[in-house]
Amino acid sequence: MTAQVTEFRRTALAAQVERLLQATPAADIHTHLYDPALGGLLLWGIDELLIYHYMVAEGFRYLDIPYDEFWGMPKLDQADLLWQHLFLEHSPISEACRGVLTTLHRLGLDVKPRDLGAIRQWFAERHVESHVTRCMELAHVDTIYMTNSPFDDVERPVWLRGVDRDERFQAALRIDPLLVDWPNAALRLVEWGYDVGEGFSDHTLSEVRRFLADWTRRLAARYLMVSLPPDFVCPAATDCAQLVERAVLPHCREFGLPFALMLGVRRSVNPQLRLAGDGVGRSDLSALSHLCAAFPENKFLVTVLARENQHELCVLARKFRNLHIFGCWWFTNVPYLIDEITRLRLELLGTSFTAQHSDARVLDQLIYKWDHTRRLLASVLTDKYMDLSATGWEPSAAEIQRDVRALLGGAFDEFCRRRT
Ligand code: HDL
Ligand code: ZN
């Protein structure tokens with residue numbers, strides 16, 4: 001094939017892949033968004049976008065005020081300060097800053113005037129219910145998985161009162177305190193009527209499982225989830241490893257639910273940054289390898305925070321069909337690494353993984369996180385289909401549609417349905 005024909009073929013293929021990606025709705029399988037029925041928990045609008053903890057971390061690189069002075073400010077003043085430093089005094093070329101502008105642009109706002117007041121006025125005229133639908137339409141997301149924690153003192157009572165659910169929002173039962181801070185979590189379980197005690201007697205473990213069962217039913221949770229530090233080891237005599245193997249995994253088998261492990265977060269490396277203060281560490285994935293091998297009837301959804309762990313995670317997914325990997329999480333959710341990680345996964349796993357989750361904390365972020373991901377996915381997939389084309393294998397539109405659907409949530413649904 002001449003270079004000119006190849007170039008023509010690539011252009012046509014790229015347009016086809018991009019069109020199919022834009023036309024295919026995504027399931028966003030991990031976010032920190034909430035069904036509007038959960039009240040004020042759902043964050044949205046320009047000021048929440050500007051004070052998102054990614055922005056705070058970047059803003060403090062320019063701010064020379066004491067941390068507590070910033071935290072003592074009203075939200076609008078925090079947002080003004082971050083706008084001034086991250087957008088006006090320095091070009092907003094970081095992924096988090098660019099994302100704010102992508103979102104505003106896709107919502108139809110003109111950012112050229114750099115008029116924060118006018119932007120605020122536009123948002124002041126929105127209503128949350130219609131804005132949820134608008135953001136999901138622009139992001140082309142049809143299902144949002146929440147992060148729901150019984151240990152969250154604001155969220156728990158809302159669920160206990162009962163919630164009239166929006167079916168676009170699915171629940172995930174988040175259990176970090178149970179596993180990373182068992183002594184204090186145990187006190188709370190006792191307070192909530194679960195008869196747990198010191199050590200892991202059969203009675204305590206059955207009470208932990210009753211707690212998990214109650215909340216799985218209350219939320220209609222689609223999976224259980226925990227984020228664990230780089231030093232998570234298993235098997236081990238630790239509270240975490242014991243609870244995972246003897247309570248959480250039996251519970252997940254009983255309810256036929258995956259267990260999602262998000263590995264590699266070093267919590268509070270700079271506590272003064274609060275939610276923005278977490279860091280990253282390379283995990284020992286032998287713990288994951290052990291869990292996949294020792295519990296073949298459990299299903300593990302996994303994403304890792306360290307770039308250094310991505311290749312080993314792909315190799316593990318080749319070894320264990322009960323392991324499904326998902327998303328470019330947090331510090332890897334930047335174009336350079338999304339491109340690298342997605343190519344690695346396609347080349348090692350085909351389409352048997354979930355390409356992305358947004359991790360959005362602010363509703364409007366759905367728009368930019370999925371816009372940027374679809375652009376990158378289009379480029380990577382086009383390259384891969386061009387490689388196929390060079391062998392004489394021409395992927396049909398139906399086959400490309402099937403692959404795109406798999407990567408945007410279809411493979412996840414299949415993994416959740418399939419008995420391992
Ligand atoms: O633990 C998690 O789910 C992480 O995603 C944290 O919430 C983190 O603060 C975050 O929002 N990352 O994007
Ligand atoms: Zn998250």
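First listed ligand is number 1; within each ligand, the first listed atom is number 1.
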Test of ring centre spacing under 6.0 Å for Phe151 and Phe211: yes

Expected output: side-chain Trp215 to main-chain Arg210 donor-acceptor under 3.5 Å: no

Spacing of CE belonging to Met262 relative to OG1 belonging to Thr147, to within rounding of 0.5 Å: 7.0 Å

Closest protein heavy atom (residue, atom, distance) for atom 13 (O) of ligand 1: Tyr54 OH, 2.3 Å

Atom 9 (O) of ligand 1 - nearest protein heavy atom and its distance: His53 NE2, 2.9 Å

Side chain, backbone, both or neither: the part of Arg174 lying under 4.0 Å from ligand 1 by heavy atom: side chain

Arg267 to ligand 1, any heavy atom closer than 4.0 Å: yes

Sidechain N-carboxylate O distance under 4.0 Å for Lys369, Asp359: no

Donor-acceptor pair, side chain of Gln242 and main chain of Ala236, under 3.5 angstrom: yes

Parallel, tilted or perpendicular: rings of His32 and His30 (30°, 60°): perpendicular

Nearest protein heavy atom with distance in Å, relative to atom 7 (O) of ligand 1: Arg361 NH2, 2.5 Å

Parallel, tilted or perpendicular: ring planes of Trp44 versus Phe123, cut at 30 and 60 degrees: tilted

Pairwise distance CG(Leu49) to CD(Gln365) - rounded to 0.5 angstrom: 6.0 Å

Closest protein heavy atom (residue, atom, distance) for atom 5 (O) of ligand 1: Asp359 OD2, 2.7 Å

Glu137/Arg134 ion pair, N-O < 4.0 Å: yes

Ligand 1 atoms in contact with His30 (distance to a heavy atom under 4.0 Å): 3 (O), 5 (O)

Number of protein N, O or S atoms [distance to the Zn ion (ligand 2) under 2.8 Å]: 3

Cation over ring face, Arg126 and Trp122, 6.0 Å, 45°: yes

Where ligand 1 meets Met262 - atom numbers and elements under 4.0 angstrom, heavy-atom basis: 3 (O)

